[in-house]
Amino acid sequence: MRRFLKAAAVAALGFGVVSAAEAQTYPYRDITAAVVWGAGGGTDTINRMIMAEMEKHLPVSINVINQTGGVAGSNGMVYVMNQPDDGYTLVGLSESNVTAAVQGGWDQKFSYWHPFIVGGSPDLISVPANSPHKTLQDLIEAAKAAPGSIPAAASGSGSIHHLNLLAIENGTGATFKFVPYKGSAPGQEAAVAGEVAVVVTSLAEQQALIDGGLLRPLATLTPEPAKVGSIDIPSAFSVYDGLDKYLPLKQAIGFAVHASASDDVKAALTEAFDKAMASDTVADWAKTNHYDISGQSGAEASAIFAKLESTFAWTLWDLGAATVDPATLGIEKP
């Protein structure tokens, strides 16, 4: 009998500890942000920056890890999806992840997430510094002369960089040999090493390699030209009229929590996010690194991602690059 009473007391004590922990205000322990793309890329860099700034407004630390692989970042999303929806595991993601479903990476619409958008940077099409192609016209003519012979790097199939490469092909009539990488950083490294002849990533991601004379930017894939140091980068729109049918496709980089997370969790994250986004640190970082700041969260950010999901998914389907019909997933046409 005494042994039974002792066991009951221990069980009651354990229940009390659990109840007390559950009653604590979120967050009361460290948070993990799992970035779906590789270390050193744009999504990784932005998440490490914003999480460090958000930490200043939270009583806990935020640890950033990388969970790469799969289709359109699906491994990282599935990893976070399988964690409790208690707000202690966030997913670091970008607009490129909206194509995971139509490419068979997972079976959820993007509305599974409650997103926060930090911002994005325009894409560039660039070549190694020693490339014989001095202009975008040079590159396009070479690709037309030998279709599929010029290897072009971009992060995974269905990423914004891949879609921008497809847009260039469809807008100019050129055909490249697409070589997917697990993130922008390894794709750019492949270009510098001569493994590929072309790379499509963002201005923010390429700027250090451009400054260092390792990459030669040929054009922005937005209507606006750009400048890195003393280097003027023309817009591809000024060269090829047909591009406006496919471009621009712009970045939306940030993070998300389960949409099913509690209102208290969402409110705490939103408060820290809003304070971080309003800081001089973020503004200065964005200016230095060629990012446009957004700052949307919740319903506003969800609407942006829903539009991106519709545009990206149906673009891939129309181009024959999707394996799942968007209509079967309930993704409406744009």
Side-chain angles (χ1 to χ4, degrees), residues 37-46 94 96 119-143 149-156 159-169 171-172 174-240 243 247-251 253 285-292:
W37 304 115
T43 305
D44 179 72
T45 301
I46 277 190
S94 70
S96 296
S121 184
D123 262 10
L124 303 180
I125 181 166
S126 300
V127 295
N130 61 355
S131 171
H133 311 302
K134 305 301 183 184
T135 66
L136 180 59
Q137 297 97 313
D138 291 345
L139 176 64
I140 296 302
E141 291 308 310
S149 66
I150 299 178
S155 51
S159 70
I160 189 171
H161 310 310
H162 177 217
L163 288 179
N164 276 328
L165 179 64
L166 288 173
I168 282 287
E169 289 183 327
T172 65
T175 303
F176 295 95
K177 179 183 178 181
F178 171 52
V179 183
Y181 285 84
K182 290 184 178 181
S184 294
Q188 292 173 171
E189 291 167 4
V192 170
E195 296 174 12
V196 295
V198 181
V199 62
V200 177
T201 54
S202 73
L203 170 56
E205 292 164 320
Q206 289 191 30
Q207 66 162 335
L209 296 174
I210 295 171
D211 282 334
L214 298 175
L215 286 179
R216 179 190 302 134
L218 300 183
T220 67
L221 301 184
T222 59
E224 302 81 18
K227 189 179 184 71
V228 175
S230 61
I231 300 174
D232 292 313
I233 308 172
S235 167
F237 283 64
S238 66
V239 183
Y240 294 98
L243 290 180
L247 294 169
L249 297 173
K250 295 186 177 181
Q251 290 182 320
I253 301 175
W285 181 90
K287 182 178 180 181
T288 300
N289 292 279
H290 301 282
Y291 275 100
D292 298 323

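Keep in mind the model is a prediction, meaning the values are calculated, not measured.
Considering only heavy atoms from C-beta on, S126 comes within 4.5 Å of P217 through its side chain. Looking at R216 and K134, their side chains come closer than 4.5 Å, going by heavy atoms from C-beta outward. Taking the side chain as every heavy atom from C-beta outward, P122 and E224 never approach each other to under 4.5 Å. Considering only heavy atoms from C-beta on, Q206 stays 4.5 Å or farther from V228 through its side chain. The shortest side-chain heavy-atom distance between I210 and L124 falls under the 4.5 Å cut-off. At least one side-chain heavy atom of S202 sits less than 4.5 Å from a side-chain heavy atom of D123.
Of all the heavy atoms in Y181 and A190, the pair that sits closest is OH-CB, 3.2 Å. Residue A167 comes nearest to L243 through the heavy atom pair O-CD2, 3.9 Å, listed as atom of the first residue, atom of the second, then distance. Counting all heavy atoms, side chain and backbone alike, L165 lies closest to A152 at CD2-CB, 3.9 Å. In terms of heavy-atom proximity, E205 sits nearest to S184 at OE2-OG, 3.0 Å. Here the shortest heavy-atom pairing between A191 and L215 reads CB-CD2, 4.0 Å. Taking both residues in full, the closest heavy atoms of G119 and I46 are given as O-CD1, 4.3 Å, listed atom of the first, atom of the second, then distance.
The ring-ring contact (aromatic ring centres under 6.0 Å, His included) check on Y240 picks up nothing, with sequence neighbours excluded.
For Q251 (side chain) and S121 (main-chain N/O), a donor-acceptor pair under 3.5 Å exists by modelled atom type. At least one donor-acceptor pair closer than 3.5 Å links the side chain of E169 to the backbone N or O of F176.
Within a 6.0 Å sphere centred on NZ of K287, other residues, nucleotides and ligands contribute 12 heavy atoms or fewer.
Once rounded to the nearest 0.5 Å, the distance linking CG of N164 with OG1 of T222 reads 9.5 Å. Here the CG atom belonging to L139 is positioned 5.5 Å from the CD1 atom belonging to I150, to the nearest 0.5 angstrom. Residue I125 holds its CD1 atom at 11.0 Å from OG1 of T220, rounded to the nearest 0.5 Å. In this structure, CD on E189 lies 11.0 Å from CG on L214, to the nearest 0.5 angstrom. Rounding to the nearest 0.5 Å gives a distance of 9.0 Å between OG1 of T172 and CD of E141. The CD atom of Q207 lies 8.5 Å from the OH atom of Y291; values are rounded to the nearest 0.5 Å.
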Derivation and outcome, side-chain contact (heavy atoms from CB on, under 4.5 Å), residues W37 and T45: CA-CA 10 Å; W37 304 115; T45 301; over 6 Å; no
Worked verdict on I168 versus I140 for side-chain contact (heavy atoms from CB on, under 4.5 Å): CA-CA 9 Å; I168 282 287; I140 296 302; 4.0 Å; yes
